[in-house]
Protein chains: 2
Amino acid sequence: MNVTGNTRRQPSIRDVATAAGVSHQTVSRVINDHPSVKSATRERVNRAIEELGFRRSATALALASGRSQSVTVLTANTTHHGYASVLQGVEEAARKAAYGVGISVLESADEQTVAAAVQRAGDSVGGLIVIAYDPAGVAALAAADPDLPVVGVVETPADPPPHDRLWVWTDDRQAAYEATGHLLSLGHRNVHYVAIPSGTRRVSARTAGWQRALEDAGAAVPEVVHEGWGPESGYAAGSRLARDPEVTAVLCGNDDLALGVMRALHEAGRSVPGDVSVVGFDDAPHSAFVTPTLTTVRLDFSGLGRSAFDLLHGLLTRSTPVKPHSAAVPELVVRESIAPPRHL
Amino acid sequence: MNVTGNTRRQPSIRDVATAAGVSHQTVSRVINDHPSVKSATRERVNRAIEELGFRRSATALALASGRSQSVTVLTANTTHHGYASVLQGVEEAARKAAYGVGISVLESADEQTVAAAVQRAGDSVGGLIVIAYDPAGVAALAAADPDLPVVGVVETPADPPPHDRLWVWTDDRQAAYEATGHLLSLGHRNVHYVAIPSGTRRVSARTAGWQRALEDAGAAVPEVVHEGWGPESGYAAGSRLARDPEVTAVLCGNDDLALGVMRALHEAGRSVPGDVSVVGFDDAPHSAFVTPTLTTVRLDFSGLGRSAFDLLHGLLTRSTPVKPHSAAVPELVVRESIAPPRHL
DNA sequence: CTGAAAGCGCTTACAG
DNA sequence: CTGAAAGCGCTTACAG
């Protein structure tokens with residue numbers, strides 16, 4: 001009626017219907033690719049859509065249909081390389097499926113905070129992806145409503161996930177095993193481990209892999225150095241480790257930690273890799289450009305994010321029977337920061 | 001009616017109304033903190049809300065009221081430190097205001113891609129924050145519908161933003177000026193600049209600051225080395241710069257670039273800071289732990305993200321007259337990577 | 001202070 | 001193949 005009027009309102013399905021001389025019903029069929037529409041009608045509708053610049057309201061779609069075409073990722077962090085890459089992978093896969101992605105960060109592992117965040121996230125969204133590498137994430141995964149579609153991005157689990165839960169992971173247990181084994185094969189009698197904060201109360205996957213490698217080689221298992229996530233944590237750990245001349249090889253839970261360890265060793269006058277070999281985890285972009293370049297385990301985080309989304313998408317659309325699966329296998333990238341120990 | 005039934009449906013405003021013996025109307029008033037509700041009624045409603053575990057549907061709210069309580073950030077990247085930190089800042093401020101945040105990444109600066117992304121983002125959302133540090137972001141900012149609430153996170157603009165646009169920035173022009181000045185004051189006769197890709201066709205803010213500092217000091221302005229964002233770009237630039245013995249100081253558009261430059265210099269046998277001083281931009285977390293520790297400009301990205309959200313929030317709620325404003329001033333963090341040139 | 005009506009822009013059965 | 005009706009869960013005037 002108001003075709004030539006210049007109201008700012010977005011054209012609705014009804015405006016399109018009027019313009020095309022059909023019911024809004026039929027417009028709905030056309031935009032949903034419903035087969036039973038005469039092609040002449042379809043064309044008329046599409047032309048009207050084009051002319052009016054119609055865009056279907058995602059909000060109305062969500063309200064009327066119950067499917068929201070969006071997921072939100074719940075994470076304790078957005079800046080660390082692994083987290084940011086997972087997020088990027090999720091977004092990439094979601095975009096291809098015409099899904100939106102929301103992000104909600106967990107400020108702490110505090111029960112109340114986590115519960116509030118999980119609720120908020122679950123409120124207006126089809127499904128949830130929670131990055132559960134840390135205590136906050138693990139708590140969130142546990143706190144999520146059982147009938148909300150959720151997939152967790154987790155460390156290699158010791159046991160398969162509960163059957164009502166979908167998880168995705170890379171085999172970093174195996175990766176830690178191999179990295180440690182590589183160091184031992186170089187002649188090191190021992191490998192120390194500087195751990196990232198574990199999400200679970202039990203031994204983390206990386207820790208387990210490292211420990212197993214030492215045991216398999218008949219080497220003593222030194223105490224794990226527990227630290228935070230950032231380079232300053234690695235620095236603190238490295239300062240302590242530097243005082244022990246027996247320490248000739250250090251595996252770190254991530255690259256930032258490894259950089260901190262290398263710096264502390266440097267300041268203590270112990271050279272890397274001359275006196276001590278250092279290995280990181282994640283293969284952050286700058287790790288190949290520090291001096292010495294850092295030997296590290298490359299993890300396909302964005303692939304992990306894509307998998308997480310695909311899994312969730314399957315769950316939401318019930319299209320294919322979905323199964324938890326692990327992503328690309330980790331790969332040890334050998335660079336300058338490791339060498340045989342002096343005593344050889 | 002079905003109070004004891006165990007349907008899985010979330011309780012609605014109507015269920016609450018029935019339980020409290022009022023109209024759904026009144027429930028709406030209560031959850032919106034409308035003043036004109038008798039406190040006895042209010043209490044009854046609140047009790048019902050509590051008991052039923054009612055949570056207001058954000059979708060219905062958005063559809064009925066037109067305000068969506070969410071914003072989306074449009075960005076070309078999620079992993080670089082600056083971008084990730086801006087995103088984190090936005091999320092933090094949004095969470096405090098009970099807003100959701102969506103993220104949409106721009107795969108390329110290609111016109112079609114950008115247009116599609118902007119449309120998608122603008123579809124189901126209250127407002128848009130676009131990170132416009134790069135060509136894709138700048139294109140997105142330009143492509144956004146003029147009557148969609150948008151705030152841009154931009155480089156220091158040469159001219160004030162168009163009056164219908166809200167921008168936020170840190171004064172990195174000034175920061176580049178100071179960093180360059182500091183290098184000159186150390187005795188360097190010249191400072192080269194390795195630039196990040198500029199969003200605009202014109203000279204970027206950082207480039208302008210650097211250039212001005214050289215001019216003010218009467219130094220020659222060498223050609224800008226144009227590179228990408230990552231350390232490998234810095235490495236490429238550094239390799240070229242290393243061949244010129246006249247090069248004694250290099251300012252880089254970001255820390256990753258700086259690391260790449262330092263690595264290339266190292267491989268070329270030129271020591272940092274002995275032969276060449278290197279300064280970065282951003283103060284990424286690891287920059288204080290590489291060797292030599294990196295002198296860099298600290299930028300308050302998360303503060304910038306918070307400002308961006310606040311600005312947008314004001315725009316959306318029309319609560320306060322909002323004005324574009326710049327965030328915390330950048331600060332030069334002097335570390336080991338710079339020194340007076342050899343010739344002194 | 002509170003309720004009955006209409007509507008936001010869609011979809012989902014139900015008819016024909 | 002297409003339309004008329006009802007509804008998703010809220011809010012926004014309009015009455016009283």
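Proteins get letters first, then strands, A, B, ... in listed order; numbering begins at 1 in each. Side chains are part of it too, since the values below use all heavy atoms of this structure and drop only hydrogens, waters and symmetry mates.
- Counting only N and O atoms by type, the side chains of A/Gln119 and B/Arg55 include a donor and acceptor under 3.5 Å apart.
- Within the model, atoms CZ of B/Phe309 and OH of B/Tyr99 stand 6.0 Å from one another, a figure rounded to the nearest 0.5 Å.
- Across A/Ala143 and A/Val114, no two heavy atoms sit closer than the pair CB-CG1, 4.2 Å.
- Interface residues of residues 39-46 of chain A facing DNA chain C, ordered by number: none; criterion, heavy-atom separation under 4.0 Å.
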What protein N or O atoms touch nucleotides 7-10 of chain C N or O atoms at under 3.5 angstrom, if any, and at what distances?
from	atom 1	to	atom 2	distance (Å)
C/dC8	O2	B/Ala64	N	3.4
C/dC10	OP1	A/Ser57	N	3.2
C/dC10	OP2	A/Ile13	N	2.7
C/dC10	N4	A/Arg14	NH1	3.4

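- Applying the salt bridge (charged side-chain N to carboxylate O under 4.0 Å, His left out) rule to A/Lys38 yields no partners; only residues at least two apart in sequence or on another chain are considered.
- Panel note: side chain A/Glu91, backbone B/Val105; a donor-acceptor pair is recorded below 3.5 Å.
- Counting non-hydrogen atoms under 4.0 angstrom, A/Thr26 reaches the backbone sugars and phosphates but no base.
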For nucleotides 13-16 of chain D, which of its nitrogen or oxygen atoms have a protein nitrogen or oxygen under 3.5 Å away, and what is each distance?
from	atom 1	to	atom 2	distance (Å)
D/dA13	N6	B/Gln25	NE2	3.1

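- Between A/Val71 and A/Leu128, every side-chain heavy-atom pair lies at or beyond the 4.5 Å cut-off.
- With rounding to the nearest 0.5 angstrom, the CD1 atom of A/Ile13 is 11.0 Å from the OG1 atom of A/Thr18.
- With sequence neighbours left out, the ring pair (Phe, Tyr, Trp, His ring centres under 6.0 Å) criterion links B/Phe301 to no other residue.
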(request) Whenever both distances are under 3.5 Å in a Watson-Crick or G-U wobble pair, mark it; put DNA chain C into dot-bracket that way, with [ ] for crossing pairs and | when the partner is on another strand. (result) |||.||||||||.|||
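- Separation of atoms CZ (B/Arg95) and CD1 (A/Ile103) is listed at 10.0 Å; rounding is to 0.5 Å.
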